[in-house]
Amino acid sequence: MPETSGVQSLDRAFELLERMADEGGAVGVSELAAQTGLPLPTIHRLIRSLMRGGYVRQDASRRYSLGPRLIRLGDMAGRMVGRWAMPRLSELVSEIGETANMAVLEGDAVVYVAQVPSAHSMRMFTEVGRRVLPHATGVGKALLSMLEDDVVLQLLGRTGMPAQTEHTITTPEALLAELRLIRKRGYAIDDSEQEIGVRCVAVPVADPQNLAAISVSGPSGRVTAKRVRDIAPVLIDAAAKLQKDLND
C-alpha cells in the first residue's frame, strides 16, 4: 500500500507540474483543483513538497509557477535528446548536403539542441543553445503545429510576433493558416522569414510529449523551392526513425 500511495503521489505531482507548464505563468490552487480534479488538501501538500525541492515557486499573490530547479533538468534533458539525434542529423547532412538541426520547445521559446554542419564553405550556422521565437523559424512552426490552436494563441499572446525580416508572418490568423497547411503536408518552410537569403525545411518529431523538430537549412540558391519537395520526404523519414530511436 505505501508503495502504491507513493507512486500515486508522484503521478499527481508530475500532473501539477504539467498543468503549470501548460499555463505558461503563475496559477492558483483553485485553478489547479478545477483542472486536475484533485482535492485542495492534496494539492497543498504536493505543492509544499515541490517548493521545498525548488521545483515550484510561489509569487507575492500566492500563485504558483515552475521553479528554478527545473532549469537544470530541462537543460540536461535537451542536451541528451540532442546527443541521441546526432547520428540521424549526420545522415541527413550526408544525403542532403545541408546543415541539419534539432530543436525543442522550452516554455515559449525554441531552443536548438543539436547541429551537424554542412561541408559547404557557405553554410548555415546556428549556435546550439540559441533561443528564438517560434513564429519566424521552420523548426518553430513545426513545433507549433503539434499544439492546439488555442494553446498557440496563448503562446503568441505572451511572446508577440515581431518581424525578423519583411517575410516574417506577423499575425496570428496567418500563422494558424500556415500551421494547418503544415499539419496537412507534414513539413514546415522558413523562406527568408528569420534571415534573408536562407531557406529551411523542418518537420516535427511525431510525439507531442517531446515537442521536438528537425530541419535542414541553407542558402536559398541551393535550397530552392523545387528542391524543398525532394528534401521533405527525406526529413519526414528521418523524423520517424528518430522517434523510434527515442522510444527504444
Side-chain angles (χ1 to χ4, degrees), residues 18 21-24 74 78 81-82 85 88-89 92 96 98 100-115 124 126 130-165 167-195 198-217 223 225 228-247:
E18 291 283 353
D22 290 342
E23 286 296 317
V81 170
R88 296 300 180 189
L89 297 183
L92 282 173
I96 297 173
E98 302 294 345
N101 292 287
M102 183 176 191
V104 299
L105 192 64
E106 283 189 8
D108 294 339
V110 172
V111 181
Y112 289 90
V113 295
Q115 180 181 88
M124 300 305 101
T126 299
R130 182 186 178 197
R131 303 174 71 88
V132 298
L133 295 179
H135 71 285
T137 64
V139 285
K141 290 189 288 185
L143 288 163
L144 293 181
S145 74
M146 291 189 281
L147 302 176
E148 298 293 335
D149 283 357
D150 60 336
V151 177
V152 173
L153 290 174
Q154 291 171 19
L155 184 152
L156 297 176
R158 294 187 295 269
T159 64
M161 300 182 67
Q164 304 300 315
T165 74
H167 302 290
T168 305
I169 296 174
T170 56
T171 67
E173 296 78 14
L175 183 61
L176 291 181
E178 180 82 359
L179 296 181
R180 287 192 290 271
L181 177 59
I182 292 167
R183 294 177 189 121
K184 180 178 179 180
R185 70 187 178 193
Y187 64 92
I189 301 172
D190 163 7
D191 193 356
S192 292
E193 296 165 48
Q194 177 72 18
E195 185 176 348
V198 175
R199 184 173 283 122
C200 168
V201 188
V203 301
V205 177
D207 183 353
Q209 298 302 316
N210 286 323
L211 291 183
I214 57 175
S215 69
V216 294
S217 57
V223 184
V228 165
R229 294 192 290 272
D230 298 324
I231 290 172
V234 179
L235 263 178
I236 291 170
D237 182 62
K241 291 177 179 176
L242 179 56
Q243 183 57 49
K244 186 175 184 301
D245 293 343
L246 294 174
N247 287 333

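Every value quoted in this text rests on a predicted model; they were computed, and no experiment measured them.
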Any residue meeting side chain to side chain contact (heavy atoms under 4.5 Å, CB included) with [X], in chain and number order, not counting sequence neighbours:
| X | value |
| --- | --- |
| Ala213 | Val139, Ala142, Leu143 |
| Ala177 | Arg180 |
| Ser192 | His167, Ile196, Ser220 |
| Pro233 | none |

Quick one: pull up CD in Gln115 and OG in Ser215 and give me the separation to the nearest 0.5 Å.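 If we round to the nearest 0.5 Å, Gln115:CD and Ser215:OG are 8.5 Å apart.
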
Rounded to the nearest 0.5 Å, what's the gap from NZ on Lys244 to CZ on Arg88? Could you check?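 Between atom NZ of Lys244 and atom CZ of Arg88 there are 8.5 Å.
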
Is any side-chain heavy atom of [X] closer than 4.5 Å to a side-chain heavy atom of [Y]?
| X | Y | result |
| --- | --- | --- |
| Val203 | Ile214 | yes |
| Leu147 | Leu179 | no |
| Leu144 | Leu155 | yes |
| Cys200 | Thr137 | no |
| Leu153 | Leu176 | yes |
| Asp190 | Val198 | no |
| Met146 | Leu105 | no |

For a side-chain contact (heavy atoms from CB on, under 4.5 Å) with Ile231, tell me which candidate from Leu92, Val223, Ile189 qualifies.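 Single pass found, and it is Val223.
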
What pairs with Asp230 under salt bridge (Lys or Arg N to Asp or Glu O under 4.0 Å), at least two apart in sequence or on another chain?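 Asp230: no salt bridge (Lys or Arg N to Asp or Glu O under 4.0 Å) contacts found.
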
Any donor and acceptor pair, going by atom type alone, linking the side chain of His135 with main-chain N or O of Pro172 inside 3.5 Å?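 No: the side chain of His135 does not pair with the backbone of Pro172.
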
If only atom types and distance count, is the side chain of Thr168 paired as donor or acceptor with the main-chain N or O of Glu193 below 3.5 Å?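 It does hold such a pair.
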
Can you see which heavy atom on [X] is nearest to which on [Y], and at what distance?
| X | Y | result |
| --- | --- | --- |
| Leu242 | Ala85 | CD1-CA, 3.8 Å |
| Arg199 | Ala225 | NH1-N, 3.5 Å |
| Val104 | Ala212 | CG1-CB, 4.1 Å |
| Val205 | Ala239 | CG1-O, 4.2 Å |
| Glu98 | Ser217 | CB-O, 3.5 Å |

Residues in side chain to side chain donor-acceptor pair (under 3.5 Å) contact with Arg183, at least two apart in sequence or another chain: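 In terms of side chain to side chain donor-acceptor pair (under 3.5 Å), with neighbours along the sequence ignored, Arg183 is linked to Asp149.
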
Run the numbers on Ile169 and Met161 for side-chain contact (heavy atoms from CB on, under 4.5 Å), then give the verdict. CA-CA 8 Å; Ile169 296 174; Met161 300 182 67; 4.1 Å; yes

